[in-house]
J.: 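Okay, handing you the structure first.
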Amino acid sequence: MNYENPAEFSKFIDLVKLMLKERGEDDICNLLSDANIKIANIDDNTWFDGYIEYTIEVKVAVKKYSSYSKLQIELFETQISDCMTEITKVDGSSKFITKIVPSIITKEKETIEEIVPPEYKELRQNLDTIRNIMVSVATGGERIQNVNERYQTIHVDVKSMCKKMGIPYNNTFDSLWDWYGKWKVDFPSYQERREFIRELFTPTLTGLDNYRKNDVDVLVQLDDWGKINRMVGKIRSNSLAANDVEDFQSIGVLCREVLVSLGQLVYNPALHGEEDETGTKIGKADAERMFLAYFKYKLSGKHNKELRDYVKGVKGIANQLTHKDTSTRKDMLLTVSMTLSLINFIGILEDKI
């Protein structure tokens with residue numbers, strides 16, 4: 001059994017739970033019922049000892065974990081490991097070490113932590129810093145001579161980043177002394193100065209929020225799909241900063257790569273077949289055929305023309321974005337949207353919700 005294949009590992013864990021349930025291990029079954037179970041480490045000792053050692057991490061909600069003593073937790077770890085080894089004793093090439101750890105788990109839905117690109121975070125923080133400085137010097141706080149240099153440095157960075165991202169930036173005060181000249185003449189009260197700053201930065205903040213909303217949310221957990229998680233983060237981060245045809249094309253390449261990686265992750269030739277319906281052998285980089293074979297097996301007869309067309313559409317749009325010399329931001333967003341939607345679809349089929 002290939003435990004590194006998510007589909008096979010999931011079936012293996014289901015069998016472990018079933019055995020423990022049949023043996024009346026209610027406490028362990030309760031602990032595993034909503035736990036996040038994954039392979040944390042693989043130690044290949046086949047060269048010397050003839051087996052592969054898997055460290056299985058079982059993350060349990062803090063409240064539930066705390067309801068058991070340390071001795072009970074250790075006993076559970078041993079029983080789970082023994083059960084896994086028993087199931088695989090035929091081949092004798094696998095050993096398991098179970099580690100039960102406390103974790104913060106929400107009951108409603110465990111989704112991956114929202115991926116916020118570093119460029120977005122940096123710009124948001126810099127905008128807040130500039131606004132706070134401008135309000136402070138104009139309302140009896142900081143002295144201009146103490147913070148002007150810092151303000152100017154951040155102001156230049158913000159202008160450059162807003163221009164790159166196509167976001168309006170209406171702050172024309174290149175130094176705090178320029179701002180001083182404005183408020184001294186036009187805004188005698190602190191309240192007027194605060195209101196002016198609020199209105200000055202509203203278009204920028206609105207533009208930044210709208211820019212951020214171009215992303216499609218990933219609705220499933222990707223924490224144990226490490227490579228996919230990293231690639232999705234890169235796609236979303238790079239798409240925010242993309243500005244020209246070359247940038248858009250590079251996003252298309254990333255989308256194609258993540259589809260191939262995802263196909264390799266969920267497609268198992270032993271389960272899904274080594275050939276497609278026409279007898280063509282499914283290659284390791286043939287994302288379309290890997291997905292179609294996977295769907296045919298996973299959906300048990302519900303494989304249909306719509307799914308086939310959708311997968312082909314995602315692949316086609318990604319290819320078009322990659323090769324078209326006139327690719328636009330709209331083309332890029334369509335590609336990203338369809339790619340992440342397919343990841344969501346497969347993640348839901350894999351119960352990553």
Side-chain angles (χ1 to χ4, degrees), residues 104 106 108-219 222-223 229-230 232-244 247-248 251 329 332-333 336-337 340:
I104 298 176
T106 58
E108 293 120 18
K109 181 168 47 172
E110 291 179 55
T111 56
I112 121 180
E113 183 178 348
E114 184 184 14
I115 301 171
V116 180
E119 298 90 344
Y120 178 90
K121 285 184 177 180
E122 181 183 355
L123 180 54
R124 187 77 194 212
Q125 290 170 356
N126 284 344
L127 285 169
D128 289 342
T129 299
I130 286 180
R131 286 190 304 161
N132 291 337
I133 290 175
M134 292 180 74
V135 170
S136 179
V137 297
T139 56
E142 298 275 4
R143 293 168 60 86
I144 289 179
Q145 51 266 46
N146 292 339
V147 292
N148 191 47
E149 184 176 349
R150 183 186 179 209
Y151 168 86
Q152 288 179 303
T153 300
I154 298 175
H155 172 67
V156 169
D157 289 343
V158 168
K159 270 206 302 189
S160 174
M161 192 171 292
C162 284
K163 182 178 180 181
K164 183 178 180 181
M165 296 169 68
I167 295 172
Y169 183 61
N170 300 329
N171 179 14
T172 58
F173 304 110
D174 292 331
S175 83
L176 292 175
W177 293 113
D178 296 333
W179 167 225
Y180 170 81
K182 175 70 173 177
W183 95 60
K184 203 68 176 174
V185 173
D186 295 337
F187 309 120
S189 72
Y190 284 0
Q191 182 58 39
E192 288 175 309
R193 297 168 192 177
R194 292 192 182 94
E195 185 63 22
F196 176 80
I197 293 296
R198 187 188 67 78
E199 293 178 358
L200 179 68
F201 282 90
T202 293
T204 305
L205 296 173
T206 300
L208 183 59
D209 287 341
N210 289 338
Y211 198 86
R212 178 72 183 90
K213 289 173 184 176
N214 284 329
D215 281 339
V216 176
D217 285 337
V218 178
L219 305 176
L222 298 180
D223 49 346
N229 197 357
R230 291 191 299 272
V232 167
K234 193 171 183 181
I235 288 171
R236 296 177 70 180
S237 176
N238 289 6
S239 64
L240 280 177
N243 234 1
D244 51 38
D247 292 338
F248 302 149
I251 300 300
R329 179 170 178 75
M332 179 197 71
L333 291 175
V336 172
S337 176
L340 298 189

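FYI, side chains are in, hydrogens and waters are out, and symmetry mates aren't considered; it's all heavy atoms of this structure. Position 1 is the first residue of the sequence, and the numbers go up from there. From a predicted model like this one, the values you see are computed outputs, not experimental measurements.
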J.: Are D247 and M332 packed together at the side-chain level, in the sense that at least one heavy-atom pair is separated by less than 4.5 angstrom?
T.: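 Not touching, per the 4.5 Å side-chain cut-off.
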J.: Would D186 and E192 count as a side chain to side chain contact (heavy atoms under 4.5 Å, CB included) if you check the C-alpha gap in whole Å, the side-chain angles of each, and the deciding distance to 0.1 Å?
T.: CA-CA 9 Å; D186 295 337; E192 288 175 309; over 6 Å; no
J.: For residues W179 and A138, report the shortest heavy-atom separation together with the two atoms involved.
T.: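 Here W179 and A138 meet closest at NE1-CB, 3.7 Å.
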J.: Could you label the plane-to-plane angle of the W183 and Y180 rings as parallel, tilted or perpendicular, counting under 30° as parallel and over 60° as perpendicular?
T.: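 Judged by the thresholds at 30° and 60°, the geometry between W183 and Y180 is perpendicular.
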J.: What is the minimum heavy-atom distance between R198 and T202, and which atoms define it?
T.: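 Distance-wise, the nearest heavy atoms are O-OG1, 2.7 Å.
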J.: Return the minimal non-hydrogen interatomic distance between H155 and N171, and the atom names on each side.
T.: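 Looking at all heavy atoms of both residues, the shortest contact is CE1-O, 3.3 Å.
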J.: Quick one: closest heavy-atom pair of C162 and T204, and the distance?
T.: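 So the two residues come closest at SG-CG2, 4.0 Å.
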J.: What distance do D178 atom CG and Y151 atom OH have between them, rounded to the nearest 0.5 Å?
T.: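 Here the rounded value is 8.0 Å.
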J.: Distance from E122 atom CD to L127 atom CG, nearest 0.5 Å?
T.: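 E122 atom CD to L127 atom CG measures 10.5 Å (nearest 0.5 Å).
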J.: Is there a donor-acceptor pair closer than 3.5 Å between any side-chain N or O of T129 and the backbone N or O of Q125?
T.: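 Yes; at least one donor-acceptor contact below 3.5 Å.
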J.: To the nearest 0.5 Å, what is the distance between OG1 on T153 and CD1 on I130?
T.: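 Spacing of OG1 (T153) from CD1 (I130) equals 10.0 Å.
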J.: When rounded to the nearest 0.5 angstrom, what distance separates CG in L205 from CZ in R131?
T.: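 The distance works out to 5.0 Å.
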J.: I'd like to know if the side chain of S136 and the backbone of E142 have a donor-acceptor N/O pair within less than 3.5 Å.
T.: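 Here the side-chain-to-backbone pair exists.
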J.: If you count every heavy atom of other residues, nucleotides or ligands that lies below 6.0 Å from E149 atom CD, does the total exceed 12?
T.: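 It does not: E149 CD has 12 such atoms or fewer within range.
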J.: In Å, rounded to the nearest 0.5 Å, how long is the span from CG of D128 to CG of L123?
T.: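 CG of L123 is found 9.5 Å from CG of D128.
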J.: Sub-3.5 Å donor-acceptor pair from the side chain of N126 to the main-chain atoms of I154, do we have one?
T.: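 Between the backbone of I154 and the side chain of N126 there is no qualifying donor-acceptor contact (under 3.5 Å).
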J.: If I compare all heavy atoms of L176 with all of N148, which pair ends up nearest, and what's the gap?
T.: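 Closest approach of L176 to N148: N-OD1, 2.8 Å.
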J.: Identify the two heavy atoms, one from P168 and one from P203, that lie closest to each other, and give their separation to 0.1 Å.
T.: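 Looking at all heavy atoms of both residues, the closest pair is CG-O, 3.6 Å.
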J.: Drop me the distance from R230's CZ to I235's CD1, to the nearest 0.5 angstrom.
T.: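 CD1 of I235 is found 13.0 Å from CZ of R230.
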